[in-house]
There are 2 protein chains.
Amino acid sequence: MNISDVAARSGIPPKTIRYYEDIGLVKPPRDTNGYRVFREADMHKLAFMGRARALGFTIENCRNLLALWEDKNRASADVRHIAEDHLAQIEAKIADLNAMRETLKTLVTSCSGDDRPDCPILNDLAKLSKK
Amino acid sequence: MNISDVAARSGIPPKTIRYYEDIGLVKPPRDTNGYRVFREADMHKLAFMGRARALGFTIENCRNLLALWEDKNRASADVRHIAEDHLAQIEAKIADLNAMRETLKTLVTSCSGDDRPDCPILNDLAKLSKK
DNA sequence: TAAGGCCTTCCAGTGACTGGAAGGCAAGTG
DNA sequence: CACTTGCCTTCCAGTCACTGGAAGGCCTTA
């Protein structure tokens, strides 16, 4: 399999696949012409990556998850631990974004949004900074 | 006012303030010794920045908001438009994160998290990638 | 005069790619 | 066989918004 085949099958762009090779996530052998030759195992790793990345895991987390995936003697607790940490981070980020959203919503609805210059959004941005 | 005073008053680290000068957001004059001298107006701009950044506006948005802030003839509609766009992006991101959170929560609770290797999290990451 | 704590600039790194240039290779057509 | 098209390769640079660190100058106080 060449890189564009894997890209199509895994949903990961060729550029990204090369990048993943750069950082040592996959190690496809090379053909005599220098082309990367992807085996089924490489494909599965990349698809795994795609899925894990879509869930927001960092590359380093993905690296660890891949290692656990390939370790037949793993403890599922290790996997769960990574996922729990990540879940907590996502929840923290959601909380941050919700706070922003609330403030923004208030500001946006309080702004008339017409030709006049008076703007509670700008007032707020300026005002609170004086605290 | 020297940089560390502004940093203390605006809550923005000196490094970041220098960076903001680099990208042209503030233009404090220099003392004979080369030190930056911040006026009240610079302080307010920086505090404005801090507040806008805390609401998740990008630097480019902040730049535009600052310009509108200083434009006495602005239309509040322009400000509102920027804020609405940003709000929409935040809401989109929240939706993405909520989807991740749901999936992760399901996975985490389905994993026993003990010494044994069976792990629904890894199964899922591997399985769905085969689709 | 010396110490410390400021200030300056410049360089490099973060995370996870992404765009683009330059050039080699493969497959199909005339 | 030449040509074209499209894939493949590498390498460099840029993204975003900082942040860390080094090297060296300045200012204040003892």
Side-chain angles (χ1 to χ4, degrees), chain A residues 1-38 42-43 45-66 82 85-86 89-90 93 96-97 100, chain B residues 1-38 42 45-66 85-86 89-90 93 96-97 100:
Chain A
M1 252 190 303
N2 280 349
I3 200 165
S4 62
D5 304 316
V6 196
R9 283 182 59 196
S10 68
I12 298 176
K15 277 263 179 192
T16 304
I17 296 176
R18 292 193 191 99
Y19 170 69
Y20 286 171
E21 188 194 27
D22 264 10
I23 61 173
L25 283 178
V26 280
K27 304 187 178 37
R30 301 300 183 108
D31 207 340
T32 45
N33 58 14
Y35 287 20
R36 290 168 183 82
V37 181
F38 294 86
D42 298 314
M43 233 294 295
K45 259 193 187 182
L46 288 168
F48 184 105
M49 282 298 298
R51 179 95 177 112
R53 292 288 299 129
L55 284 177
F57 285 103
T58 64
I59 293 279
E60 279 321 295
N61 275 347
C62 289
R63 200 190 289 280
N64 293 330
L65 288 171
L66 272 176
I82 294 175
D85 274 9
H86 180 48
Q89 284 183 26
I90 291 204
K93 195 168 283 182
D96 282 357
L97 289 174
M100 290 181 194
Chain B
M1 250 189 304
N2 279 348
I3 200 165
S4 62
D5 305 316
V6 197
R9 284 183 57 196
S10 68
I12 298 177
K15 276 265 177 190
T16 305
I17 297 176
R18 292 193 192 101
Y19 170 70
Y20 286 170
E21 188 194 28
D22 263 12
I23 61 173
L25 284 178
V26 280
K27 302 187 180 35
R30 300 300 181 107
D31 207 340
T32 46
N33 57 15
Y35 287 20
R36 290 168 183 83
V37 181
F38 293 86
D42 297 315
K45 258 193 186 182
L46 288 167
F48 184 105
M49 281 298 299
R51 180 96 175 110
R53 292 286 300 128
L55 284 178
F57 285 103
T58 64
I59 292 279
E60 279 321 294
N61 275 347
C62 290
R63 200 191 291 280
N64 293 330
L65 288 172
L66 273 177
D85 274 9
H86 179 49
Q89 285 183 25
I90 291 205
K93 195 168 284 184
D96 282 357
L97 288 174
M100 289 182 195

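Values below: every heavy atom of this structure, side chains too, minus hydrogens, waters and symmetry copies.
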Rounded off to whole Å, could you give me the CZ-to-C1' distance for the Arg30(B) and dC7(C) pair?
-> 10 Å
side-chain N/O Asn33(B) vs dC27(D) OP1/OP2, d < 4.0 Å | yes
Looking at CE of Met43(A) and CG of Leu46(A), how far apart are the two atoms once the value is rounded to the nearest 0.5 Å?
-> 8.0 Å
Comparing Thr32(B) with Asn2(A), nearest DNA chain D nucleotide closer to 5' gives the residue Asn2(A)
Would one find a side-chain N or O of Arg18(B) under 4.0 angstrom from OP1 or OP2 of dC7(C)?
-> no
Considering only heavy side-chain atoms of Lys15(B), the closest of dC10(C), dA17(D), dC7(C) is dC10(C)
Starting from P on dC17(C), measure out to CD on Glu60(A) and report it in whole angstrom.
-> 12 Å
With Glu21(B), the salt bridge (Lys or Arg N to Asp or Glu O under 4.0 Å) member among Lys27(B), Arg36(B), Lys45(B) | Arg36(B)
Name the residue closer to the 5' end of DNA chain D, choosing between Ile3(A) and Tyr19(B) according to the nucleotide with the nearest heavy atom.
-> Ile3(A)
Which residue lies more 5' along DNA chain C, comparing Ser4(B) with Ile59(A) via nearest heavy atoms | Ser4(B)
Regarding the side chain of Arg53(B), the nearest nucleotide among dT10(D), dC18(D), dC26(D) is dC18(D)
Determine the minimum heavy-atom distance between Phe38(B) and Ile3(B), stating which atoms define it.
-> CE1-CA, 3.6 Å
Contact class for Ile23(A) (heavy atom, under 4.0 Å): base, sugar-phosphate, or nothing?
-> nothing
Donor-acceptor contact below 3.5 Å, side chain Asn2(A) vs main chain Ser4(A) | no
Rounding to a whole Å, what distance do you find between Leu46(B):CG and dC18(D):C1'?
-> 15 Å
dC17(C) P sits how many Å from Glu21(A) CD, rounded?
-> 15 Å
Short side-chain N/O contact to dC17(C) OP1/OP2 from Tyr20(A), under 4.0 Å | yes
Within this structure, what is the CG-to-P distance between Asp22(A) and dT9(D), rounded to whole angstrom?
-> 12 Å
Give a yes/no on whether any side-chain N or O of Arg36(B) is located under 4.0 angstrom from OP1 or OP2 of dT9(C).
-> yes
Counting only side-chain N and O atoms of Thr16(A), is one of them less than 4.0 Å from OP1 or OP2 of dT18(C)?
-> yes
To the nearest angstrom, how far is Met1(B) atom CE from dC7(C) atom P?
-> 12 Å
Expressed in angstrom and rounded to an integer, what is the separation of Gln89(A) atom CD from dG15(C) atom P?
-> 13 Å
Residue pair His86(B) / Phe57(B): nearest heavy atoms and the distance that separates them = NE2-N, 3.4 Å
For the pair made of CZ in Phe57(B) and C1' in dA17(D), what is the distance, rounded to whole Å?
-> 17 Å
